[in-house]
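The chain is numbered in sequence order, starting from 1. Both ligands and their constituent atoms are indexed starting at 1 by order of listing. What you see is a predicted model; the values in this text were computed from it and never measured.
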Amino acid sequence: MSKSIKLRVPLAFGDEERLYDPQTAEKGKRYFCPACQDTVILRKGEIKTPHFAHKVSEACNQETIIHKTAKQLIVDVISDWKSGKIDAPTLRRTCEICRQFKDQPLPDKVECAILEYRMSDGFVVDVALVVANEPAAAIEVRVSHAVDENKAKSLSIPFIELDGQKVIENPTIFQPIRDRFQPLTCTTCKQAKERFQVKVKEIAKQTGIELPVYYYRYGFCKCWKCKREIIVFAWPKASEWDNSAPKTEPIPRTIQYRYSNTVGGKYWVNTCPRCRSIQGDWHLFSEPDGSFFGIRCEENSRKAYNRDMQNIIGYAIYNGMLGES
Ligand SMILES: [Zn+2]
Ligand SMILES: [Zn+2]
Ligand SMILES: [Zn+2]
């Protein structure tokens, strides 16, 4: 059965360690499979589209061919860029706040790329990006298996993971399927984030609220009753019905243990610092224009806190609460 499986070789090595595509490869020259190094035959005729023919092999497989080809291509593209033959490859990343794609050229400080670099911790990365003579970041290529969790956690440098097939289709655009580089905030969101902080500080000052630095997520809204702008908080709960007090002191003075008719009992809830009325959870968390719409407050960790704060700011931008830039 395996005999009938044809190996597809999109690009092959020539005599130098560089990849050639069948369009530009020349007849009469020697070409090799990037995975098993076996000779491949360039078929270039009048009728068929040019391609490299790989003979049936037990020692080679399609996955390795794609994997090896993609990482070599990344190294080739970076080397072409560094020698001035082409523009910098494009990093296509997602803004952590608005979730839109943002293109940026690979930064100039990248000096070169090294194929299959062994880090001092023993891990081998597919491609290492060198900055100031040190591997500063890595590019991993995924064909069918994601970078395993152990490696992802232990890797001492930031990395992105690219889809091998996509790299072969367009090696000058790096669009991560997993992005562990420093989070990216686009210029628009950066400005909106600043406006959010200014606004929140202003309201906090007017209402005499001390802004907590951690644990209590914060946003602002108009009090449903007095219609004035106020600061509201969200904090981790074990469940929607968790009735216990917030776990971190000092508890902001507007979070109070109050009786609610809607809930039919007492619970810890936001109140208006101006008119003292309850700002119910439903209004804040479940209404599409609520300050905490979609916020999970799942756990008491920095990571969860940062993610929630980003989403709060993201919604404020989305709902037009920060005005235009
Ligand atoms: Zn092969
Ligand atoms: Zn953005
Ligand atoms: Zn009020």
Side-chain angles (χ1 to χ4, degrees), residues 2-3 5-14 19-20 22 30-42 51-72 91-104 143 164 168 179 182-196 203-204 206-209 220-233 253-256 258 260 269-280 283-284 291 307 309-320 322 324-325:
S2 66
K3 278 230 148 81
I5 295 171
K6 277 235 171 74
L7 291 167
R8 207 170 44 81
V9 181
L11 301 151
F13 277 118
L19 290 169
Y20 290 85
R30 302 194 302 163
Y31 295 98
F32 310 93
C33 166
C36 70
Q37 270 81 48
D38 224 355
T39 309
V40 290
I41 310 296
L42 173 65
H51 67 280
F52 293 112
H54 191 301
K55 64 169 181 275
V56 175
S57 163
E58 295 279 309
C60 198
N61 68 72
Q62 194 61 56
E63 202 182 310
T64 316
I65 295 175
I66 302 297
H67 194 239
K68 291 256 182 193
T69 306
K71 49 188 175 179
Q72 182 66 46
L91 256 179
R92 178 163 295 164
R93 304 180 62 206
T94 311
C95 165
E96 63 174 346
I97 292 178
C98 67
R99 299 273 138 211
Q100 309 231 20
F101 284 131
K102 297 291 159 191
D103 284 354
Q104 44 182 195
V143 178
I168 294 172
D179 190 338
Q182 207 60 279
L184 170 81
T185 311
C186 76
T187 324
T188 317
C189 289
K190 234 178 232 159
Q191 289 163 353
K193 211 171 161 177
E194 277 161 24
R195 288 203 304 279
F196 175 89
I203 302 170
Q206 284 168 12
T207 51
I209 300 289
F220 65 93
C221 69
K222 278 204 172 104
C223 165
W224 64 272
K225 191 151 192 204
C226 72
K227 312 280 185 230
R228 286 173 294 182
E229 285 183 318
I230 57 169
I231 303 291
V232 279
F233 301 99
R253 67 176 176 85
T254 50
I255 300 176
Q256 296 170 6
R258 294 268 295 268
S260 150
V269 66
N270 280 283
T271 60
C272 175
R274 309 192 197 242
C275 76
R276 301 201 68 238
S277 59
I278 285 177
Q279 310 293 309
H283 163 67
L284 295 174
S291 307
R307 186 193 55 215
M309 279 310 299
Q310 255 150 33
N311 287 334
I312 293 167
I313 298 170
Y315 280 117
I317 297 170
Y318 180 79
N319 284 327
L322 300 168
E324 291 299 305
S325 51

Chemist: Should Val269 and Gln256 count as side-chain neighbours, where that means a heavy-atom distance under 4.5 Å?
Modeler: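 Result no, sub-4.5 Å side-chain heavy-atom pair not found.
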
Chemist: What about the rings of Tyr31 and Phe52, do their centers lie closer together than 6.0 Å?
Modeler: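 They qualify: ring centres under 6.0 Å apart.
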
Chemist: Does Arg8 reach the side chain of Gln62, with side-chain heavy atoms less than 4.5 Å apart?
Modeler: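 Heavy-atom side-chain distance check passes, below 4.5 Å.
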
Chemist: A side-chain contact here means heavy atoms from C-beta on lying under 4.5 Å apart; do Cys189 and Ile317 qualify?
Modeler: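 The answer is yes; the side chains approach within 4.5 Å.
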
Chemist: What protein N/O/S atoms sit under 2.8 Å from the Zn ion (ligand 3), by chain and number?
Modeler: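 Result, waters dropped: Cys223 SG, Cys226 SG, Cys272 SG, Cys275 SG.
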
Chemist: Measure the shortest side-chain to side-chain distance between Lys227 and Lys225 over non-hydrogen atoms and say whether it is less than 4.5 angstrom.
Modeler: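 Answer no - side chains too far apart.
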
Chemist: Side chains of His54 and Cys36: closer than 4.5 Å at any heavy-atom pair?
Modeler: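 Yes, side chains in contact.
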
Chemist: Could you pull out the N/O/S protein atoms under 2.8 Å of the Zn ion (ligand 2), ignoring any water?
Modeler: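 Listed by chain and number: Cys95 SG, Cys98 SG, Cys186 SG, Cys189 SG.
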
Chemist: Could you check whether any side-chain heavy atom of Ile278 comes within less than 4.5 Å of a side-chain heavy atom of Asn270, counting everything from C-beta outward?
Modeler: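 No, every pair of side-chain atoms sits at 4.5 Å or beyond.
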
Chemist: Would you mind reporting whether Gln279 and Cys272 have side-chain heavy atoms less than 4.5 Å apart?
Modeler: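 Yes. Closest side-chain heavy atoms under 4.5 Å.
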
Chemist: Side chains of Ile230 and Arg274, heavy atoms from C-beta outward: is any pair under 4.5 Å?
Modeler: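 Touching, per the 4.5 Å side-chain cut-off.
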
Chemist: Can a side-chain donor-acceptor contact be found between Arg92 and Gln104 if the only test is distance below 3.5 angstrom?
Modeler: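 No - no donor-acceptor pair under 3.5 Å links their side chains.
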
Chemist: Above 12 or not: heavy atoms from other molecules or residues under 6.0 Å from CZ of Arg30?
Modeler: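 Open.
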
Chemist: Can you name the salt bridge (charged side-chain N to carboxylate O under 4.0 Å, His left out) partners of Arg276, sequence neighbours left out?
Modeler: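 Residues passing salt bridge (charged side-chain N to carboxylate O under 4.0 Å, His left out) with Arg276: none at all.
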
Chemist: Please find the pair of heavy atoms, one from Thr271 and one from Arg258, that lie closest to each other, and give the distance.
Modeler: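 That would be CG2-NH1, 3.3 Å.
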
Chemist: Around the Zn ion (ligand 1), what protein N, O or S atoms are found below 2.8 Å?
Modeler: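 Atoms qualifying: Cys33 SG, Cys36 SG, His54 NE2, Cys60 SG.
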
